[in-house]
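Heads up: the structure comes next, in structure tokens.
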2 protein chains.
Amino acid sequence: MDKTDLKILNALQTDARISLKSLADQCFISSPAISARITRLKKNGIIRDYQANLNYEKLNYHIKAYIQLQLDPAKKERFYPFVTTVPNILECDCVTGEYSQILKVVFESTQVLDEFVNRLQKFGKTSTQIVFSTSVTNRGLKLPDDQDIKSDND
Amino acid sequence: MDKTDLKILNALQTDARISLKSLADQCFISSPAISARITRLKKNGIIRDYQANLNYEKLNYHIKAYIQLQLDPAKKERFYPFVTTVPNILECDCVTGEYSQILKVVFESTQVLDEFVNRLQKFGKTSTQIVFSTSVTNRGLKLPDDQDIKSDND
DNA sequence: GTTGAAACGACACACCG
DNA sequence: CGGTGTGTCGTTTCAAC
């Protein structure tokens, strides 16, 4: 995991569709070398995938919300199939604190969100926070590329 | 915004580095047609950007957390430059409820997270939830591509 | 939206440090 | 082993329809 790898990761976080040649020019090495590095980074699981970031409001998903859930331990088994199946759940984390799960969701309207919350309450007590506005939108982590770092599996 | 557009958006959310030709084959139209559609979707702001999804744990950012903040209204002006500057803040939303801001952050360790929370407390009262595990990782929204939808700006 | 030609980029190989 | 340079193939782009 040297400076070149970090430069590649930063560039791919900013624009995942950048060409190998463009990356090669920025890193002052050849395109085959870039290609080999990206293959390695992906095989090591450092690069998970590449995804287009969409503006969901323009696609009529006007409501974004965070839902906190006190997941009933007895219903844990049925919860994981549930969260992976509902496409409106963009993220789901098991966390410390009074509520054990945080879900990030998008819906067409508050009505549909309400229906979803009702379904979710089968799994435990919920607390919903609707998003007014977003100042930082799901951005990538800018890595310091002026020094090497050690990674778990190089 | 017809079925072909939705197919393209779904494909790009799954793999942003997919080739135009591959998209063309899947949608049964020519590559120049795909290229024109993507250009339009990007100009309309429906496609925001393309980003590589990284495994931050393997890059030594072991701690992911949600921080709730009761932002002091008097310090609002100084808050927005702050959140956009600190790279560890991956997302920041203004929300309903007792706390007005939710921040998603990643840090190298709980110690560094603690230092950050101290800095954040200059802006108001905080409540931190550290992530144990993630069952749904920041995935894209699968759009129903069996029927057309109307968008705000076509 | 389609086609065809030209420009461009990606990949595979042999070679070099 | 990881990088370079060339050649070939596939892809993107542009013009004309």
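A quick note: this is a predicted structure, and the numbers were derived from the prediction, not measured. Below, read A as the first sequence line, B as the second, and so on, with proteins coming before strands; counting in each chain starts at 1.
- Across all their heavy atoms, Thr134(A) and Thr137(A) have their closest contact at CG2-OG1, 3.4 Å.
- For DNA chain D, none of the residues of residues 9-16 of chain A falls under the heavy-atom distance limit of 4.0 Å.
- Residues Asp49(B) and Arg139(A) are not paired through a salt bridge, judged by the lack of any N-O separation under 4.0 Å between the basic side chain and the carboxylate.
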Acceptor/donor pairs from residues 80-89 of chain B side chains to any protein atom, 3.5 angstrom cut, sequence neighbours excluded:
from	atom 1	to	atom 2	distance (Å)
Thr84(B)	OG1	Tyr80(B)	O	2.9
Thr84(B)	OG1	Pro81(B)	O	3.0
Thr85(B)	OG1	Pro81(B)	O	2.4
Asn88(B)	ND2	Val106(B)	O	2.9

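- Each of Val95(A), Asp93(A), Leu69(A) was compared with Gln101(A) under the side chain to side chain contact (heavy atoms under 4.5 Å, CB included) criterion, and only Leu69(A) meets it.
- By the 6.0 Å contact criterion, NZ on Lys122(B) is open, its count of non-hydrogen atoms from other residues, nucleotides or ligands being 12 or less.
- Atom NZ of Lys76(A) sits in a sparse spot, with 12 or fewer heavy atoms from other residues, nucleotides or ligands closer than 6.0 Å.
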Contacts table for residues 123-133 of chain A: side-chain donor-acceptor under 3.5 angstrom, sequence neighbours left out:
from	atom 1	to	atom 2	distance (Å)
Thr126(A)	OG1	Gln121(A)	NE2	3.1
Gln129(A)	OE1	Gln68(B)	NE2	3.2
Gln129(A)	NE2	Gln68(B)	OE1	2.8

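- Proximity of Ile67(A) to Ile102(A): side-chain heavy atoms (C-beta onward) are nowhere separated by under 4.5 Å.
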Completion exercise
For nucleotides 10-17 of chain C, 5' to 3', base contacts (B), sugar-phosphate-only contacts (S) and non-contacts (-) with protein non-hydrogen atoms under 4.0 Å give SSB-----
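- The closest side-chain heavy-atom distance from Leu20(B) to Ile38(B) is below 4.5 Å.
- For DNA chain D, the outermost nucleotides in 5' to 3' order that have an atom under 4.0 Å from a heavy atom of chain A are dG3(D) to dG5(D).
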Quick one: side chains of residues 110-117 of chain B, donor-acceptor pairs under 3.5 Å with protein atoms, not counting sequence neighbours, listed by atom name and distance.
from	atom 1	to	atom 2	distance (Å)
Gln111(B)	OE1	Ser109(B)	OG	3.3

